[in-house]
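Heads up: the structure comes next, in structure tokens.
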Amino acid sequence: MTSLDEARALLREFPVVDGHNDLPWALREQVRYDLAARDLAGRQNAHLHTDLPRLREGGVGAQYWSVYVRSDLPDAVPATLEQIDCVRQLLARYPKDLAPALTAADMEAARADGRIASLMGAEGGHSIACSLGTLRGLYGLGVRYLTLTHNDNVPWADSATDAPNVGGLSAFGREVVREMNRLGMLVDLSHVAATTMRAALDATSAPVIFSHSSSRAVCDHPRNIPDDVLERLPANGGMAMVTFVPKFVLQAAVDWTAAADENMRARGFHHLDTTEEAMQVHRVFEEAHPRPVATVATVADHLDHMREVAGIDHLGIGGDYDGTAFTPDGLNDVSGYPNLIAELLDRGWSTADLAKLTWQNAVRVLGAAEDVARSLQATRAPSNATIESLDG
């Protein structure tokens, strides 16, 4: 049996829980949620990283669908609701393949039923518009994590890719974390500044996640996790889900991406635009300036280091498919996870370790957050604090 055969066998028993997939945003951008125009029952290789045949080939058993909206949208809350509606439409359209999931028990039930557990995560605190009532509303609609920031600061939390504003979390930001703990909503620290990571770990009483972040020691990008933060995950009980985005995992890609992004802006496109017109601009740039290529081994290097620092009980996978223009060789789309597992097998990772990486850690962390919430709800009422009352 080859390593790839062994990887596929392992994934049949312990499938991948992926922490972050931007398919809903891609559907918004490409076809304005016309699901018939991107029928996921068939292969959508020309348009998307994600469809049902490739999810099955990749051994995906649970997916956190990102209900991300851009932080510069003036109507972030209704746009987030549209993203949630998109996920609900997908669940209604493909009930034999996608199972709605809100809890760790739902994830296990979906696995037993041979369906892909579908959860939601909101990417960026701008989606709650500084309102704890809106936070609770998103939870009530099924959102099970909130990434505290995206690429820009919010008034109560600093982003990794913006100028420092509040020094991590403001008083209201700490209250957001506490209310998330009370709800059972996972605190996602991808995209936030290192100061915010540390402040959130100080404030939380539940495990945190990084839904799609890699190691800063291996690739020095502010979107990645410093070792001192990884070292705190065992005491917290949380997990870091390694991402595949080349500009976050390959040092040579960092400088190239900065130039490519500037080229996009100079031609009137947002640097995260993945429409066909924008991708053509990228292709022309790449012909003149060959892109440094990450590989499966590049991602495995991050996981090796993160296991050494945080321990195997605190690692997972968050590919960021359909949220990135480029992917590593061998991880081109959602069918590629077996290639990563095979690489790790070749590096000596045990099947027990890999079962934790792919499935068990993510299920445990969500279940632990649910346990904390049950305890807190017995003693704590919903918070009606405002940013004005706490931050002035």
Side-chain angles (χ1 to χ4, degrees), residues 10 14-20 61-64 104 107-108 119 121 144-148 160 177 180-181 184-192 194 196-219 221 223-244 248-249 299-320 337 340-341 343-345 347-373:
L10 183 143
F14 298 105
V16 169
V17 181
D18 185 282
H20 194 87
Q63 180 66 67
Y64 279 94
M107 295 171 74
E108 291 288 12
L119 306 100
R144 286 301 176 265
Y145 73 66
L146 175 70
T147 318
L148 299 186
V177 169
M180 290 173 70
N181 291 165
M185 183 185 284
L186 291 165
V187 177
D188 178 22
L189 300 179
S190 285
H191 278 287
V192 306
T196 310
M197 298 175 193
R198 298 177 187 116
L201 284 164
D202 290 341
T204 188
S205 54
V208 303
I209 65 167
F210 292 82
S211 66
H212 58 308
S213 293
S214 295
S215 164
R216 192 157 184 178
V218 178
C219 180
H221 191 286
R223 268 283 281 107
N224 287 333
I225 313 167
D227 277 0
D228 72 285
V229 174
L230 286 170
E231 288 169 355
R232 294 184 63 176
L233 289 180
N236 167 262
M239 66 185 296
M241 308 177 89
V242 68
T243 194
F244 301 164
F248 302 148
V249 298
V299 176
D301 289 344
H302 282 264
L303 282 168
D304 277 342
H305 180 80
M306 293 161 78
R307 181 174 69 159
E308 182 179 334
V309 176
I312 187 56
D313 293 323
H314 306 285
L315 299 184
I317 296 171
D320 202 10
Y337 300 100
L340 177 60
I341 302 307
E343 173 72 19
L344 295 172
L345 283 166
R347 294 181 181 215
W349 286 50
S350 70
T351 55
D353 284 352
L354 291 167
K356 291 180 177 181
L357 174 75
T358 59
W359 182 263
Q360 293 171 342
N361 290 343
V363 175
R364 173 188 57 79
V365 166
L366 182 58
E370 294 166 21
D371 291 341
V372 170

- Just how far is it from atom CG of D353 to atom CG of L344, taken to the nearest 0.5 Å? 9.5 Å
- Item | Heavy-atom donor-acceptor pair, T243 side chain to S214 backbone, under 3.5 Å | no
- Could you name each residue pair satisfying salt bridge (Lys or Arg N to Asp or Glu O under 4.0 Å) that touches residues 231-242, not counting sequence neighbours? D202-R232
- Note on the structure: Across all chains, not counting sequence neighbours, the ring-ring contact (aromatic ring centres under 6.0 Å, His included) partners of H302 are none
- Message: As a quick check of understanding, evaluate side-chain contact (heavy atoms from CB on, under 4.5 Å) for M107 and L119, giving each step before the final call.
- Response: CA-CA 9 Å; M107 295 171 74; L119 306 100; 4.2 Å; yes
- Message: Measuring only between side-chain heavy atoms, which start at C-beta, is R223 closer than 4.5 Å to H191?
- Response: yes
- Query: ring-ring contact (aromatic ring centres under 6.0 Å, His included) with Y64: which residues, sequence neighbours excluded?
  - Reply: Y145
- Message: Between D227 and V309 (side chain of the first, backbone of the second, donor and acceptor by atom type, cut-off under 3.5 Å), is there such a pair?
- Response: no
- Give a yes or no on whether the backbone of G319 and the side-chain of H212 come within a donor-acceptor separation of less than 3.5 Å. no
- Between N181 and V372, is there a donor-acceptor pair closer than 3.5 Å when you use the side chain of the first and the backbone of the second? no
- Closest non-hydrogen atom pair, M180 against L186: CE-O, 3.0 Å
- Close side-chain approach of L148 and V187, heavy atoms under 4.5 Å: yes
- Query: Between NE2 of H20 and CD1 of I209, what distance do you get to the nearest 0.5 Å?
  - Reply: 10.0 Å
- Task: Would you mind checking if R347 and D301 are paired as a salt bridge, meaning a charged N to carboxylate O distance below 4.0 Å?
- Result: yes
- Query: Would you find a donor on one side and an acceptor on the other, under 3.5 Å apart, between the side chain of N361 and the backbone of G316?
  - Reply: no
- If you round to the nearest 0.5 Å, how far is CE of M241 from CG of L303? 11.0 Å
- Where at least one partner belongs to residues 354-372, residue pairs that pass salt bridge (Lys or Arg N to Asp or Glu O under 4.0 Å), sequence neighbours excluded: D313-K356, D371-R374
- Task: Would you check if the side chain of T358 reaches a backbone N or O of F14 as a donor-acceptor pair within less than 3.5 Å?
- Result: yes
- Any side-chain heavy atom of I317 sitting closer than 4.5 Å to one from L340? yes
- Query: Which of these, T147, D188, D18, sits in a side chain to side chain donor-acceptor pair (under 3.5 Å) with S211?
  - Reply: D188
- Partner residues of A352 under the side chain to side chain contact (heavy atoms under 4.5 Å, CB included) criterion, sequence neighbours left out: S350
- Query: G237 and V365: which non-hydrogen atoms are nearest, and at how many Å?
  - Reply: O-CG2, 3.5 Å
- With sequence neighbours excluded, what pairs up with H221 under the ring-ring contact (aromatic ring centres under 6.0 Å, His included) test? F248
- Message: Looking at every heavy atom in both W359 and V17, which two are closest together, and how far apart are they?
- Response: CE3-CG2, 3.3 Å
- Rounded distance (nearest 0.5 Å) linking atom CD1 of I341 with atom CG of L357: 5.5 Å
- Message: Measuring from atom CG of L233 to atom CG of L201, what distance do you get when rounded to the nearest 0.5 angstrom?
- Response: 6.5 Å
- Residues A369 and A206: closest non-hydrogen pair is CA-CB, 4.5 Å
- May I ask you to test the C219-H305 pair for a side-chain heavy-atom distance under 4.5 Å? no
- With rounding to the nearest 0.5 Å, note down the distance linking CG in L230 to CD1 in I225. 5.0 Å
- Message: Can you give me the closest heavy-atom contact between V249 and F244, atom names plus distance?
- Response: CG2-O, 4.1 Å
- Note on the structure: On a heavy-atom basis, the closest approach of H314 and P234 is NE2-CA, 3.3 Å
